[in-house]
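Because the structure is predicted, anything quoted here is derived from the model rather than measured.
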Amino acid sequence: MLTLYVKTGCPFCAKVLNTGAELGISFEEKNIADDAVAAELVARGGKRQVPYLVDSERNVEMYESADIAEYLRTNYPKK
């Protein structure tokens, strides 16, 4: 399962979401506008920065939209 922590209006989050749409990937989106979700993100990754990807199937977690987009293209190519 792919979980993506996002913030409404974040252009970097939109970049990752657009990459996912290109590849036919769906995410469980968690918006840090909710204080509990923001606290969860900080507990997981150490900082309140989005986007943040959690790939529970591959045990991978990462920040940075360009890195996430590259990871998705490499590991989840469009079929």
Side-chain angles (χ1 to χ4, degrees):
M1 168 186 275
L2 295 172
T3 303
L4 187 64
Y5 289 82
V6 298
K7 180 179 178 185
T8 304
C10 167
F12 302 105
C13 299
K15 176 181 177 177
V16 173
L17 290 168
N18 289 338
T19 300
E22 282 175 29
L23 299 171
I25 298 170
S26 60
F27 302 97
E28 175 190 2
E29 287 183 52
K30 293 190 172 192
N31 196 312
I32 65 167
D34 178 327
D35 290 337
V37 172
E40 179 184 312
L41 170 61
V42 172
R44 283 197 91 113
K47 52 189 172 180
R48 188 180 176 169
Q49 176 183 323
V50 289
Y52 185 73
L53 177 73
V54 177
D55 183 345
S56 57
E57 292 178 19
R58 292 187 164 97
N59 202 26
V60 170
E61 300 191 19
M62 64 175 47
Y63 290 104
E64 299 299 333
S65 59
D67 294 341
I68 295 169
E70 180 180 343
Y71 173 81
L72 294 173
R73 285 190 176 98
T74 300
N75 292 284
Y76 295 92
K78 189 170 183 174
K79 296 177 181 170

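Surrounding CD of E22 are more than 12 heavy atoms belonging to other residues, nucleotides or ligands, all under 6.0 Å away. When the shell of 6.0 Å around CG of D34 is examined, it contains more than 12 heavy atoms from other residues, nucleotides or ligands.
Remark: the backbone N or O of M1 is paired with a side-chain donor or acceptor of S56 at under 3.5 angstrom. Using a distance-only test at 3.5 Å, with no hydrogens or angles considered, a donor-acceptor pair links the side chain of Y63 to the main chain of K47.
Shortest non-hydrogen contact noted between L41 and R48 is CD2-CA, 4.1 Å. Between Y52 and R44, the closest heavy-atom pair is OH-O, 3.9 Å. Nearest heavy atom pair, residue C13 against residue P51, reads SG-N, 3.8 Å.
In terms of hydrophobic clustering, with Ile, Leu, Val, Met, Phe, Trp and Tyr side chains grouped at heavy-atom distances under 4.5 Å, V6 and V16 are assigned to a common cluster. Following chains of ILVMFWY side-chain contacts shorter than 4.5 Å, one cannot reach V37 starting from L53, and the two form parts of different hydrophobic clusters. L4 is connected to M62 through a chain of hydrophobic side-chain contacts under 4.5 Å among Ile, Leu, Val, Met, Phe, Trp and Tyr, so both are in one cluster. Two different hydrophobic clusters hold V60 and V50 under the rule that ILVMFWY side chains link at heavy-atom gaps under 4.5 Å.
Distance check: N31 CG to Y5 OH gives 12.0 Å after rounding to the nearest 0.5 Å. Distance check: T19 OG1 to R73 CZ gives 4.0 Å after rounding to the nearest 0.5 Å. Here CD1 of I32 is found 11.5 Å from CD of E40. Values are rounded to the nearest 0.5 Å. The CD atom of E61 lies 9.5 Å from the CG atom of D55; values are rounded to the nearest 0.5 Å. We find the CG-CG distance between L72 and D67 to be 11.0 Å, quoted to the nearest 0.5 Å. The distance from atom CD1 of I25 to atom OH of Y76, rounded to the nearest 0.5 Å, is 7.5 Å.
Taking 4.5 Å as the limit, every side-chain heavy atom of I68 sits out of range of all side-chain heavy atoms of F12.
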